Each structure stands twice: as structure tokens, then as C-alpha cells.
Amino acid sequence: MEQSVKDTEDVVILFAGDSGDGIQLTGGQFTDTIALFGSDVSTFPNYPADIRAPVGTTSGVSGFQLKFGSAEVFTPGDQYDVLVVMNAAALRVNLPNLKKGGIIIANSDGFDSRNLRLAQYIGEENPLQDRSLDGYEVHAIEVTKLTREALKDSGLGMKAIDRCKNMFVLGFVYWMFSQDLANTIRFINHKFQYAPEVRDANLKALNKGHHYGDTMETFTSRFDVKSAQLPAGAYRNINGNQAMALGLVAAAKRNDLELFYASYPITPASDILHELSRHKRFGVKTFQAEDEIAAICAAIGSSFAGGLAVTGSSGPGIALKGEALGLAVMLELPVVIINVQRGGPSTGLPTKTEQADLLQAAYGRNGEAPLPILAASSPRDCFDTVYEAARIAVEYMTPVMVLSDGYIANGAEPWKFPTSAELHPFQSNAGSEITNVEGVFMPYARDDRQVRPWVKAGTPGKEHRIGGLEKELVTGNVSYDPENHERMVAIREGKVAGIAKDVPAQIIHRGEAEAKVCVLSWGSTFGAIETAIRDLLQQGVSVAHVHLRYLYPFPANLKQLLSGFETILIPEMNRGQLAMMIRHQFLIDARSISKVQGLPFTVEEIKKVIQNELSK
Amino acid sequence: MEQSVKDTEDVVILFAGDSGDGIQLTGGQFTDTIALFGSDVSTFPNYPADIRAPVGTTSGVSGFQLKFGSAEVFTPGDQYDVLVVMNAAALRVNLPNLKKGGIIIANSDGFDSRNLRLAQYIGEENPLQDRSLDGYEVHAIEVTKLTREALKDSGLGMKAIDRCKNMFVLGFVYWMFSQDLANTIRFINHKFQYAPEVRDANLKALNKGHHYGDTMETFTSRFDVKSAQLPAGAYRNINGNQAMALGLVAAAKRNDLELFYASYPITPASDILHELSRHKRFGVKTFQAEDEIAAICAAIGSSFAGGLAVTGSSGPGIALKGEALGLAVMLELPVVIINVQRGGPSTGLPTKTEQADLLQAAYGRNGEAPLPILAASSPRDCFDTVYEAARIAVEYMTPVMVLSDGYIANGAEPWKFPTSAELHPFQSNAGSEITNVEGVFMPYARDDRQVRPWVKAGTPGKEHRIGGLEKELVTGNVSYDPENHERMVAIREGKVAGIAKDVPAQIIHRGEAEAKVCVLSWGSTFGAIETAIRDLLQQGVSVAHVHLRYLYPFPANLKQLLSGFETILIPEMNRGQLAMMIRHQFLIDARSISKVQGLPFTVEEIKKVIQNELSK
Amino acid sequence: MKTAKDASTTALTPRGFASNQDIRWCPGCGDYSILKQIQTVMPTLGVPKEKMVFISGIGCSSRFPYYMNTYGLHGIHGRAIAIASGVKSTSPDLDVWVVTGDGDSLSIGGNHLIHALRKNFNINIVLFNNEIYGLTKGQYSPTSPSGQVTKSTPFGSLDRPFNPASLALGAEGTFVARGIDRNPVQLRELIAASHRHEGTSFLEVYQNCNVFNDGAFHAFTDKNLRDDHVINLEAGKPLIFGGGTKGIRLDGFTPRVVPLGEYAPEDCWIHDPQDKIKASILASFFDYSVEQAGLPRPFGILYEANRPTYEQTMMDQIERHFDQEADLDALLKGNNSWEVK
Amino acid sequence: MKTAKDASTTALTPRGFASNQDIRWCPGCGDYSILKQIQTVMPTLGVPKEKMVFISGIGCSSRFPYYMNTYGLHGIHGRAIAIASGVKSTSPDLDVWVVTGDGDSLSIGGNHLIHALRKNFNINIVLFNNEIYGLTKGQYSPTSPSGQVTKSTPFGSLDRPFNPASLALGAEGTFVARGIDRNPVQLRELIAASHRHEGTSFLEVYQNCNVFNDGAFHAFTDKNLRDDHVINLEAGKPLIFGGGTKGIRLDGFTPRVVPLGEYAPEDCWIHDPQDKIKASILASFFDYSVEQAGLPRPFGILYEANRPTYEQTMMDQIERHFDQEADLDALLKGNNSWEVK
Ligand SMILES: Cc1ncc(C[n+]2csc(CCOP(=O)(O)OP(=O)(O)O)c2C)c(N)n1
Ligand SMILES: Cc1ncc(C[n+]2csc(CCOP(=O)(O)OP(=O)(O)O)c2C)c(N)n1
Ligand code: SF4
Ligand code: SF4
Ligand SMILES: [Mg+2]
Ligand SMILES: [Mg+2]
């Protein structure tokens, strides 16, 4: 196995702060817990440059580095995935060695003006607030304040209380890495057995930090950045939600449309709203509605008025939008619906990832109401996918569902961003005259792709009425005629099905068409599967990878492409939803590989499944 | 072809009223329109017994009978399917010859006390109000009042206006039978060409009658009663919505539960609410909620408090319930959800039937949230199906979806009603002690069918908390543990899947296991398919009929049963939803026969499909 | 194709606002009158018809948009206002009308109503209140009086109805008015006033459903009763009714009916639609039947206040930051890009 | 297994009402105080803990039921009240508490709230108002003041907030009260009063979210400010605040702050929680900042009225028709059966 093709599950963390912050102990505890859990861990000391440097200065920063999840030992060249900093100086010193798009956990109480000055931030600009950390996943927590609050009745003095901050942070980090507290609780119980107040204070801080992750709906699955060789070009880091937001701004700007994003906050989709609400410069209108139903209905209204209308949510919120989605199908208006999936069912696991809303996307409304479904495969792919979704919505006058998930929404990776000139403009039929039958405007006349016209309310001479009752062919009047209904059902279905011909033919991402095993996938499993298959191919295994962006309709050549394989395995973070769609459409014995743990597949899991299959 | 196995699409109508009511003209017009449409029609005059009898008396009733839809001529023995009566006397005289469960369209203005007296209704009891017409489909319309209102500006005198009543009725009947007005408009234009006021008045009345059907969301597809030989026993007529209501009352009463029905009105489900709201004698609580979400949430609350909780709606309303359905799945509480389907998508065709919400039932919510789905096959079968659904809900602690549709909900047929003793009591684990682990109550402990206990809030010593976040095995505490999540997903899935073993093995309703063609069906298509197959079998065709009540999970033997057939055809009033489920589960090339016209299949259509298949 | 100008000009008659669709309401339905008054007022507003959008939910009343030769959207049950908020956000220059029923906007759509009132989109809500669900054939609604026997309440309803004006006031509404199908002159004035008001206008119109709830507003339309049951409000004018025989005075917070003659009109309560507390008292007349307190039902504008509209503040905020030249490439590049060679 | 009796008896202490679950709110969160007050009041109510049900939606506040050793249901966002209505309908003898947030019950759940108030189920709604969405990390809520900068409104929110008390009054609420996390004594009284009230109690509790909206209620808790900003209402007592230095009088409908001394306490407005108009005026204090009109924020019971509860009228109606012996066989047979031989 080549060096570059390394197992990507390893994580490198640096805990950094003042020497008084208990960094070494924190790191040590984390290491012990991880090791107990059965992972390989290696650590690397990182002492302050100057042991007597004053508190808060860069030279006083102490660190504890560890790497876990792979057998490789820590090497000085390793960049951190996660940086835990107790103050501004710790950030300043260590940021350069953080991976692009890495995670920062910062005690924001360590960023007051004194700290900023000591850390030599110019003009005391707070990096936690000035967007200079864009592209990183930043968790800014008032650790000092919260620890003091938690321990105000502990009987300890302020100094002693502040010494428990590290336990608060440790608790939070345990939450993020879904680790158990038991080991550290044992440790504290033992260490402070003769100082019950100190013991209790430490235990409480640890617990509170852990709860904090829960209470804040802090997302706990982390995106693995594949350290592949990047092609030449200009790059930036981006996470999925940001990419989604930028994709929308780009779609609007490039096509002279006004973006309207209506949403109701929900983890892990809220950041799209947050991001877009900052882009008033681009004329973006964001609307925090009273609920998800209002949000999609407002989007429908916006679309009727000619806006590039988008609504986003996560599973439970998408469930609420089902009825209105049906209306959008009936109205044949462009609306983009984004589902940043999380663990279900019901409220489920709001801070964990899953891809179990595919069938809801396809069938979660009454009647025959087909709509296109696209899924993003990685943080950066959210940009392209949502841009393409907007294109299809506008060109085909249809609601389009975009599936992302918490894993890629919160995870960042390097992105070779396009120039605006590289973005293809939409070919909308708006303004074309297909719809005048003897001088009378016909809202349901269609072009040769079966698409009706998009006429912005307010356009003179084209006043028309649309609605959710079945409508007559061409005129759009209400119609109860049986044959008309059957034809309209067929037209709506046919129009969407026709998109299959207008999307790129499905490719095999890796491996050959003659491979014994084909791994078919969609969404955020892309990275792990690509890596696994790259490895196996290098070992000479006969395997191929096909990854879908278009889930409904499938690309026109998919059936033929798949029928060449003996065995098709479909790993999904659900109970086999794509597998079901493939099986019924193509009647091939595709097999579901299911993982429903709120966690992404690891490369090893994928490899094992394939190897098992081949050794049968 | 035997006489008894007749084509059931024919309809016999009697228009009846006073001789002055224009009955003959009405009937004549209807006949012409039907004939133009290409149907066979035969008529049969029915003049008043006494041509000079006073207005409003039974001996003054005039009638016009017609039969259409089959080549057979009208025979005096034929009973009416539809009775149109302009007054009480007309009803009194003709009711005895109306089929059980037939349709009555009555001018309720012809039922004032004078009319009732003249028609000799004892004590002037109005049959439209005293429930004596229970089991018929009654449309009572204030025809006189509405016609007068419509024509008040016509310039005609009251007498002349009242003479247009028949056109109002005719317009309404055209609506019910989905017939075009054009022929009669032509006729009126011609007949009254020299009296424009009269012409316009008649046209307006005709139109208003037609609109009335639309405005009132009058259901337009009619149930065909098969005139099969009935086995001995006690019978009554019942329509699907009534049967659903009685099934729920029976389930509650038989099992000492209190019924709670929470709903928001919607065509064609509202009548279940109406019916149940009358049964306070049985302690039934009905609750008209502010919307469908409130309705299902109230049902969940009721279930938590130990009620037999039910909510009912139609497609768009069910779409709104998706999120809460997921909660019910997570809470593992018994709730019955009834979907009386109508034409979709969106508002669609509220007054037409369809069965396009099967996939919504299966997948219309976020995450992996499986629940049992049952479908009723005929009006009377609604009783058994909903009783069984309640059993499964209570015995398995799960929400259960029951699918009906407008066709059987509004249609009536003879029902060999059971005695209460014949109803099997539920075997709930409520009260069992499976759930005490060392004296502590465990809300998510399970019996050997994987069912958790149903403990009514208020029970001492078993206080517990449940919710929509993923819960820990056994304790029911909130848990974010990955493996726990995977196990819980599997448990919820397995519990529901296990129901397959607890339902009757699937039978072949007609024909042999060796038949060349199997017609597989569900829901309200039952009658037409049974009739078609009975006919074909008598002609020696090699065909069989398998009809499903259990759509999720399928009965355990279904796969095996189906795999014996060469060809499987699945007629559905949708675009192949059951077909999809069969194909992906069993990987057999079942073929969808789709009709999406808001109308049921006819026997002929089914026959043709089978014959085409066999002649390939 | 006609030009925009042509289309608009020819539309400026009531007929020009009528679409070519058959009107399907029951003969005698109060909806006809409301339609007629709206079609009559529209040409007087000086708004070209292509700038008008009628949005509705589901119900008999919600059929309305089909009958207007303007832009129209017949939405889903309860969601008209939410749809309207999107239309208005994207195109603040459109004249947006919401036509809704008591079920549509007070039962299933109640949340969107109260939030729109609070946010104060400049839209005009016309609520056809017939105190019943018409389209679904006669179930009680959130405005049906307690005890009403309907299809779904054969033994009488249990609920206290909403007092729609009180609810609108409580939800921060800036324009609260009441009209009735049978007083077309006043209704036209109220429609025009709704249009003039900048902010969410809440116009409740009593509408007779002569099929399922005939006579619900009998006391307000019957020649013999209406004088005692109706009081028409005019800003700056005293509260006088009973054919000029009675007035209303405030005794502390308690409104009292007094005989005119004994009291001069100037002694009566002078209607001030800007006073929210007085508006609350007017709204509360609803809670007492004439039989209880002799208080008539107020028609007209109960309350009107100025507050910036939602879309205007939205536009203002955007305008402060908008940059026609905003550089998409700079946005895509972000602050921390790098080159891979 | 313990018997019912045992279980109940041992529970009648605050500790007995605490569940064994770790409390997960942020250190310093105002939710702790509310939890503590509720746990303190519960044992004094004379209701066995198995008869208590806590129902919530989603939000930080909605975690509440997990911390009570009673029956509890942590529902979905916005639907707690709807769930509670079903619990109460089926088991009127249960003491049903709804714990909800400003987003939960005023944003997504607004419709269920106003309908419950109108229907008047005998349930106790405790709304933890922190003027922010806590759980989802700090977006503005329907109670956030206009202009508030939050995650979703980086340039300031555009909305006028709800005045929750006004909304509740407008929706026919029969019990409208306000408390605050930092006044535990009063809060306990209000909790007990909510329980005593037969009908839907609407208790708004100002709750500090020290992570996303710290200090939102500073003026009401700060030692130096609160005297001028808080007025505590007591039935039959004059409206006095400012540490006894100021009173409130009504000048027509306009409340005015007057110096005590110049005016005697008796000259001030005497609080009458039964008077709905006065309650509306009290609720409207919210609309003016102290800076504008010097009006303090009222705490205590603003309004309380008697009206039959929904479940009681439901029970009454059923009892009038209920028949223990109602014959299922007769029902199945119907009126028109026949025999086939
Ligand atoms: C989601 C949904 N729920 C229920 C219905 C059924 N429905 C249609 S209109 C209506 C109520 C109509 O009452 P109202 O709004 O007062 O209008 P009206 O017909 O009286 O004018 C109902 C319950 C529906 N179409 N969609
Ligand atoms: C259907 C749905 N939409 C959105 C969410 C996300 N969500 C959870 S709680 C919440 C708002 C919380 O605010 P509030 O009710 O004020 O409670 P707090 O956390 O402030 O106590 C939101 C938007 C959800 N869980 N479900
Ligand atoms: S049912 Fe009532 S509201 Fe509906 S159209 Fe007829 S009269 Fe009007
Ligand atoms: S986020 Fe705010 S409301 Fe939520 S627990 Fe923390 S402090 Fe309390
Ligand atoms: Mg109505
Ligand atoms: Mg809040």
C-alpha cells in the first residue's frame, strides 16, 4: 500500500493553552480514554517555548498533541485535524499547523482585548469574529464563564474553579468524539479522593462540558479530509453548508435572478440560513419563517413572483413540507428544497449524520408527485449540486430536492472554486412565446421538453391563475376530467423523467466496467468508498465504484452500466433506500450494506465488506 | 356467460317527482347525453298511477327510469342504483325498489310538513333526518331554494323559476356521473330560442346544479354493488366510512378501551368524524382539532393516557401528519391513522378516488420509521380492517396506517355484520410485568414479540418519560450511542416485520396456484377484479386473484405464493406503487397496470388486460 | 400580443377584472356580493391588473382568485398568507390580496395569520367569515358560536369561538376592520381602505353561507333588527346607532348604551381608530349579545396604526448593503485561498 | 413493586419529583431556577406524582420533562400543547403541564397555543421565554426585540415581536401571568396559581439564556434597575413600584406614573385581575420601554377569569348521552337489517 493512500480515520488533535490551563492533564486523559476504547494512539509533547513566559503570551503556550485511529505514529509533519485552544495566543501559535477546514474549539473567554493584545493580534481584532477563520469549523465557547457558573456553589474559590476549565473542555471534546466519560470520572475520583470539593467540582465541570455539546446540538460526526494530491489551481476551504449557500448565491447572480431563502432553523441546516443572511450585498433575501410550512409556502410565493426560491431544513422539517411540496409539483414552479439529513426517525439523533431521508424525498407526499432528487457527495460538491439543482428547477419548472447530510454540511475540505465565468447560465424558457395560443396566454402550454413557461407575477398581459386542483392541459383551468387527469399525471412524470437525458451519463468513478464487484453509492459516503476502492484497486482487487448525484431520475445509462456487473453492493447510512430504488427499477439483485449508527462508514468497513464478498 | 355474473358497470336511475316537475324531460336529456357518450342506454317509462292526482301525493308521482352501461335492456325486476326524488311522495313510492346502499338525491325542499303529510309519513317524520335512510348515500339539496336564489334576477316569475328546478337537479346528476353539459345546453338553446329569459334561466339552473356538486365537494365515483348470491345470515347496508366508524367503536367497546378520534375535516374522510360524533352513548370522544397536525398529536397524547387513539384524514392531511407519525413510531405508542384516499397530487381531485398514497404511507416521514399498513377492499371490509389495525396497534405498540379510498368510503353494500361475541379481544401486554428490572419500571423493556408495555399515564409506580430522541434499549433514556441507535432501528424494524407471522397466510381468492396469470391487488379494486376473474374462470381462462389486506409487512408466505406464477399483473389506481414494493422485495417482474383517472377500474378493463396478456 | 399598457388600460373596469371562469358558488351565497364589491373597487385603485395578485387557501371562499382576471394562486388549506409573504418579499411592488375563510385562516392557518400581523407585510387579508366550513359541507369552525349543531357537533359544539378582531389586535395587527356581504357600500369603502393601509390589513367580512349556516348574521341584515344590532364606525364621529336613537358612552372602561336626546351625540364615545385600548373595547362588544348588554356589533375600521412594513424594512436593510457590482468571484474565492501549483 | 400509595407518598418532597437524569442545561441557565421552583411547588399541590404529566416540544426548555419524576412526554417541536389536549381529553383527572419555549409555542406552535387558550383545556402552560432559540444556537425568536442581532439576523431582526400576554388575551385566554427566573418566591406563587386555575393557564417566565442572549432581562433583575422596571401585581392592591416611591394611575385609558406622596396608594390603579380591559392595558406596558413612558413591566397575574374547561364540557356532554350498557350488537345491526335465508 502506498504511503499516500493512508487510512483516513486517524485524527490529530492539539490541546493548547497557558501552562496553567492543565493542558497536559487534559491531553493525557483524552489519550487514555481513546486507548481504552481500543484505538491506536500516539502522542507528542509540545511544551511552551519559554516555561516562564507570562500568562497569555505566545511564548507561554503549552500543548499536547495526539493522533489516534491509525497505527502510524505521530510525525512532526502531521497537521492537526482539531485544535483546542484556551486563549488567543494558543490559536495564534498553532493555527498555521491546522489542516485546511479543520476544527477549532476555542475558549472565547480567552479572547478578550488583553489576550488579543498579548497574542499580538493587530488592532486587537478578534479572530473568532472577523471571519478570518472562515472555512474552519469553529466552536467558540465561553468556557471560563460557564465553568464559573457551574461551580459557583462548589465552595471553591475563583482560582480553584478556574482550574476546572480544562475538565469542561475535555467533557465537550468527549461529546464531539462520542467518547465515554467513565475513564476520566474514575481518574478524578481517585486523584481527588481526599479533596471531595475539588473532586466534585472537576466531575461537574466534566459533565457540564459534555452536556453542553448535547444542549447546543453540536454536531458530532466529523468529516475526514482525504489527503489526496490536489490538481493545480486556486483553492479555499469550504464546508458543505457554506458551499450550499455560495452555490445559491452563484446561481442567482449568474442568472440575474433574485435569491429568496426561506427557512426555519434546525440542526444541521441552520448554517445555510446564517451564511445567506450575511450576503445582502448580493441582494439575497433571507426569511426566517414561523415554521417549515410557512417557509416552503413563502418560497412558492416567491417563485410565483419570479424569485429563485429556496427552502432548507432537515428531516423533521422536510416532513412538514410534504403537503406544500405536492403543491409545488402541481403548480410546476421552480423551488429548490435542501434537506441536510440527520439521524432519525423523529427527532432522533439531531447531532449525528444519516442518509435515511431518500425515500421521504421520493415519496413523502400524497398522490403521484414526482420530483428530481440530487445528492451532494462532499462539502465542496454541495456547490455544484445545488447549482445544478437550481438549473433543473428553473429549466424544468419543478421543485427539486437536494440531499446533503450533517457529515458534509459541517465538514470542510479544500475546494478548487470556479470563476463565475465557468458557471453555465440556465436555459430557461421564461420569456419565450410558446404560450400564446391565438393571442391568449396559456400558463400550461409546454415547450418540447414538456416545460410550461415561467411568467413572473406582475408581467403585463399574462395574468393567469394557478392552483393545487388538477388542471386542464394547456389552459391550466381546473379540470375534473378523467382523461385529462391521466394525461397530466403522465406529463408531470414524463417531464421529470426526461431530465435523465439532460444530465451527464453516469460514469464509473474508479475501476473497470468488467469488475466483479460494483460498489454503488450516493451522498456523503463518497469519500470513504473512493479511498477504499483506490486501495483495493492497487491491491489488484476487481472492484469498481459508481457514485450517483442524480437519484431521481437516474441517468439514462445507469441500467445498462450496472447490468454489466456480477455483484452490486450499496453501502448506505440507512436500511437500504437506494438499494430499494435500484432493485425495483432494474430488477437486479443489488445488495444493501447498511450502517445506521449516526456515523459515516470508515474506509476499513467498506474494504471489509468488499473483501468478504470476494472471498465468498 | 352466466346471467348472475353480469357486467356490473350498468347503472339504473329513476328520476321521480310530481308530474309538474319536468321529470320526463330530465330523464330524456340524461338519456341523450349518456347515449352520445357512447354508452348503451335503455329507458322504461313510469307514469303516475293517477294522472290527475293532487300535487305531492303518492299517486301523483311521475317517474323516468333508465339503465345504462350494459347492453341488457331494462327489466322491471331491476332495482335502482340511484333515485332522484323531487319530493317526499316520490321517495316513499320508490324507496322499496332502490338497491340496498343505493344513492338518493333528494330535493329537501320537497320534504316540508305538508309534503310529508301528503306522502303519509307517520307523524310527519322527515326520512331525510331520522336516520331511517342509514345505509343509503343521501344527497339532500335545497333545490327549490337554490334555484330561486340563482334565478332571482332572471326576470321570470316564481312559477317559471320553479320550473327550472329540474335543470338544477340534472346539472347535479351530470356532475355525479362526470357527464358533459354540452348536449343539454344545445337542447335548451334550441328549445327556448324564442324565449331568451327562459333559456337563460334554464341554462343557469343547469350550470348551478353542476357547480353545486363541485362546490360541495360531492364525491363523484360510485361504488358498484356486486349482485352476488349472499350467504345466509343477518345483513345491513353500510358504506366504508360508517363501517370504519363502527369498527372503531367495536374495537374500543370489545376491549374496554375509550375511543378518542381526533380529526380535521377533509373530503372524503369527514364522514367518519360525523358518524363517530354521534356515538356519545358509547363514550366515544371526538375532537375536531385546529389542523391535522394537532389531530395526530392529540391522538398521541390520548394514547399516552391509555385511550384507543385514532386520527383520520385524506392525502393532503396525511402529508401533514408525517412528522408526528415519526414521533409515534419512536414512542412506540398505539395510534390508528386512517387515510381515505382521493385523487392527487396536492389538492388534486378531492371528489375522485385514487390509491396513490401507498408509498406516502410507507415512506412519508424522515428516517427509518416503519409502520404496519393495512388496506380495506370494500365498504364492509373497512370494519374488519380497522378492527384488525387497532389490534395490531395495541398488541404491537405501534402506529398503524389504514388505507381506504373515496370509492369505498362513500359506497355502500350489504354487510353480514358480526355479533360482538364474534369479535376477538386484543391480547395486549398492558399490565404484564415484563418491564420491571429489579423493581424499577423500564418503559422500553420488551416481551418476546419485541413489544414494550402500554402503561397509562396516571398509573402509580410506573412514572416514566418518553420522547422523540433516540432512546436507550430497555431504559428508554435518551441515548446517542451509535450501537444503541443501530439496535433500536433494528428492533423497531424487526418488531413490525414480525407482525407478518401474526396475520393470516395470504390466500388465493380465486383461481389456482398453477394459473398462468396472477392478478395481484389491494384496496378498492377488489370488487371489479373479483368479478372479472370469476367471469374469466368460467370461460376457462387460466388466471388467479390474490388480494392483499396487509401491505406492510406482507404476509409471510406471499413471496412463495407469488413465485409460483409465470405472470403477475398489478392493477392499481396509481402509477404502480404496490408493484414497486413487490418488485424490490421479491425481485419478480410484476407488471403494473395503471389507471389514474380518479375512477375505479371497470370489470371490462380488467378482463381486457388479462386477455391481452394471455394472447401474447 | 397586447402591450402591458393596453392590457392594463382595458382592465380598468369591473368587467375587466372578471376572469372568464364560471362562478361556482351556491346560488344565494354571500361570496357573490364580496366578489362584486372587490371587482368594483379594483378599477378605482389605480393599480394595473397585472400588478395585482390574489392568493387563497382552500374553501368555498378560496375559489376567489379564479374569478379575478389578475394574477392568482389557489394554494393549499391554511397557507395563503404564508404564500403571500413570499410573493411580497420578492416583489414588494405587487398589490397582494389574500382571500381566505374562517377555517382557512383561523383554524389550520391561524399561525400564519398571527405572524403576518406581527410582521406587518403590506398585504390585504379579506377573511370571509361564514362561521362554518362551507366546502367540506358544514362542520363547525373556530368562529361558530358555542353550542352550534353542525355535522361534526351533533350535540352542539363545545368551543368558545375566536373573536377575530381581538385576536388580530392581540397579534399586533395594524389594521382591523369588519364588514358584511349585505352592506356593499361600506364593504367597498373597507376594501379601498384595506388597500390604502400600508401594512397587513385584516378585514373580516361576515358572509352568509345560505346552505350550511343560513341566517348566521340575520341580526345584522334584517331590516327590523339591524338598527339595534349594528353600529357603523366612522373616525371622529360619535358612536350612534338604533337609527339615531341610541349612543354609546364609556363609563370607566365599560361601554354603556344611552338614549340620544338625554345625551347629545358629542357626549358619546367619539371613534378614534388609532386608540388601541378603545379598539379592544370595541372588539369586545362581540363577547356580549345585544340581549345581554344591548351592545351592537361594530362595523367599519376598529383600529388602524402606522408601523413600517416588513418588506420595506427588508428592502431598506438590503439597500444599505446591496452592491450592484458585488463580485461573485471575490465571494467564491473567500478570504483564505491558496494556489496549488 | 411498590404500591401506588407508597409511590405517591414518598414523592411528596421536591427531591421525590426529581428524576435520576443528569440535568444538561448550560451552567448559569435560567432554566435551573424554574425547574427548582416547580419541583418545590409540586409536593404542596396535593397531587400524587403519578397523576402529573409534563409535556414539552423541542428546545432547551423542552428538556424539562426528563428531569421530573412524573409521567412525561418530550414531543416534537411546537406540538406540546396539541399532545396535551389529547392527554387531557382522555384523562381529565391528570394534572397536565406543558413546558415550552418562545420558539416552541410562539413560532412553530403558535396555532396550537391560541386554540388551546380559546378551548380552555385545564392545562398549565409554562412558557420559558428567553427571547432566543437556545437549542439551535441563537437565532432570533418571535419574542426577540426588533433589531436584535442574532445568528440569523446579522444586521438586526426586522420583526415586531409578539407581546405574549396580549396575544393570550386576544386568543381568549383565561389566565395570563408573568414571572421571572430570578424571582423564585413569586414564581412559586404563580406556579401554584396556574395549577389552581381551572382552564388553560398561560404563565410566561422570563428566563435568561446566558449563552446566547445573556442579560435580556437585566433591567428586571439588576438591583439598581429593577425597582424602576418591575411592578409586581397583587389582586386588590394598588399598582406601586419604584421601591414604594411611584404609583400608576389611569388617565382615561392612559396609564401614568405618579409620585407617591403627592398621591396616596388608594389613588392608584387597584389591580383587578378579572377586568379584561385593564389586563389589556397592563399587557400593553410591554409596548413602551421605561425610557419612553416610565412604565414598568408587570409581573404576577395580569388576568384571570372563570370559564368552563373544554374537557369538562366534553365530559358533561358525554355523560348526558353515555350509557354503560350501550349495546354494541344493536349498533352493529343498525336500523335496517334483513335476513338472507
Ligand atoms: C390539509 C387540508 N386539510 C383539510 C382540507 C379540507 N378542507 C378544505 S376547505 C376546509 C374548510 C373550509 O372552511 P372555510 O375556510 O371557513 O371556507 P368556506 O368554505 O367556509 O368558505 C377544509 C377543512 C384540505 N383541503 N386540506
Ligand atoms: C420540526 C422542527 N423544526 C425545527 C427544529 C429545530 N429546533 C429545535 S428547538 C428550536 C427552537 C428552540 O427555541 P425555543 O423554543 O425558544 O426553546 P429554547 O431552546 O430557547 O429553550 C428549533 C428551531 C426541530 N427540532 N423540529
Ligand atoms: S356552501 Fe355556503 S359558503 Fe360555500 S358556496 Fe355554498 S353557500 Fe357559499
Ligand atoms: S443555550 Fe441558553 S437556554 Fe439553552 S441551556 Fe444554554 S443557557 Fe439555557
Ligand atoms: Mg367558512
Ligand atoms: Mg427560547
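As a basis for the values below, the full set of heavy atoms in this structure was taken, side chains included, without hydrogen atoms, waters or symmetry mates. These figures come from a predicted structure and were not determined experimentally. Below, chain A is the first sequence line, B the second, and so on; all start at residue 1.
Options A:Ile300, A:Thr459, A:Leu246 differ in how many heavy-atom pairs under 4.5 Å they form with chain C, and the most are formed by A:Thr459. In terms of heavy-atom pairs under 4.5 angstrom with chain C, the leader among A:Cys297, A:Ala232, A:Gly467 is A:Cys297. Per-residue counts of heavy-atom pairs under 4.5 Å with chain C were compared for A:Ala294, A:Gly233, A:Ala234, A:Gly468; the largest is that of A:Gly233. Of the listed residues (A:Gly306, A:Gly135, A:Pro418), the greatest number of heavy-atom pairs within a distance under 4.5 Å of chain C belongs to A:Pro418. For the options A:Ala457, A:Gly307, A:Ala305, heavy-atom pairs under 4.5 Å to chain C are most numerous at A:Ala457. Interface summary for chain A: among C:Gln317, C:Gln21, C:His74, C:Gln324, the most heavy-atom pairs under 4.5 angstrom belong to C:His74. Listed options C:His77, C:Lys119, C:Glu325, C:Met315 were ranked by heavy-atom pairs under 4.5 angstrom with chain A; first place goes to C:Lys119. In terms of heavy-atom pairs under 4.5 Å with chain A, the best-connected choice from C:Ser19, C:Ala326, C:Ala82, C:Gly75 is C:Ala326.
With salt bridges taken as basic N to acidic carboxylate O contacts below 4.0 Å, one links A:Glu463 and C:Lys49.
If you take CG on A:Leu469 and CD1 on C:Ile58, they are separated by 6.0 Å, rounding to the nearest 0.5 Å. Atom NE2 of residue A:His464 and atom CG of residue C:Asn69 lie 12.0 Å apart, to the nearest 0.5 angstrom. Going from atom OG1 of A:Thr475 over to atom CG of C:Asn20 covers 9.0 Å, rounded to the nearest 0.5 Å. Atom-to-atom distance recorded for A:Lys280:NZ and C:His321:NE2 is 8.5 Å, nearest 0.5 angstrom. Taking OG from A:Ser302 and CD1 from C:Ile83, the interatomic distance works out to 12.0 Å, rounded to the nearest 0.5 Å.
If you measure heavy-atom distances from A:Ala309 to chain C, you find no contacts under 4.5 Å at all. The part of A:Asp291 that comes within reach of chain C is its side chain, from C-beta onward, which places non-hydrogen atoms under 4.5 angstrom from that chain. Contact annotation for A:Ile238: neither backbone nor side-chain heavy atoms come within less than 4.5 Å of a heavy atom of chain C. Of the atoms belonging to C:Ser89, heavy atoms from both backbone and side chain fall under 4.5 Å from chain A. Neither the backbone nor the side chain of C:Asp95 comes within contact range of chain A, judged by heavy atoms closer than 4.5 Å. Only the backbone of A:Ser132 comes within contact range of chain C, with heavy atoms under 4.5 Å apart. For chain A, no part of C:Arg118 is nearby; none of its heavy atoms comes within less than 4.5 Å. Looking at C:Tyr310, the atoms closer than 4.5 Å to chain A (heavy atoms on both sides) all sit in the side chain, from C-beta outward. With a 4.5 Å cut-off on non-hydrogen atoms, C:Leu94 touches chain A through its side chain but not through its backbone. Neither the backbone nor the side chain of C:Tyr67 has a heavy atom closer than 4.5 Å to any heavy atom of chain A. Using a 4.5 Å cut-off between heavy atoms, A:Ile296 does not touch chain C at all. For chain C, the nearby parts of A:Glu323 are the backbone and the side chain; heavy atoms of each come within less than 4.5 Å. Looking at A:Ala262, there are no atoms closer than 4.5 Å to chain C (heavy atoms on both sides), in backbone or side chain.
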Q: Could you walk me through whether C:Tyr71 and A:Val455 pass the side chain to side chain contact (heavy atoms under 4.5 Å, CB included) test, one step at a time?
A: CA-CA 10 Å; C:Tyr71 282 93; A:Val455 171; 3.5 Å; yes
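Using a 4.5 Å heavy-atom cut-off against chain A, the contacting residues of residues 104-113 of chain C are C:Asn111, C:His112. The contact list for residues 328-341 of chain C toward chain A, using heavy atoms and a distance under 4.5 Å, reads C:Leu328, C:Asp329, C:Leu331, C:Leu332, C:Lys333, C:Gly334, C:Asn335, C:Asn336, C:Ser337, C:Trp338, C:Glu339, C:Val340, C:Lys341 by residue number.
A side-chain donor-acceptor contact under 3.5 Å links A:Arg465 to the backbone of C:Met68.
For the side-chain contact (heavy atoms from CB on, under 4.5 Å) criterion with C:Thr90, the lone passing option out of A:Phe260, A:Phe287, A:Phe304 is A:Phe260.
For the pair A:Phe282 and C:Phe322, the minimum side-chain heavy-atom distance is 4.5 Å or more. Looking at A:Val284 and C:Ile318, their side chains never come closer than 4.5 Å, going by heavy atoms from C-beta outward.
Other residues, nucleotides and ligands contribute at most 12 non-hydrogen atoms within 6.0 Å of the CD atom of C:Glu198.
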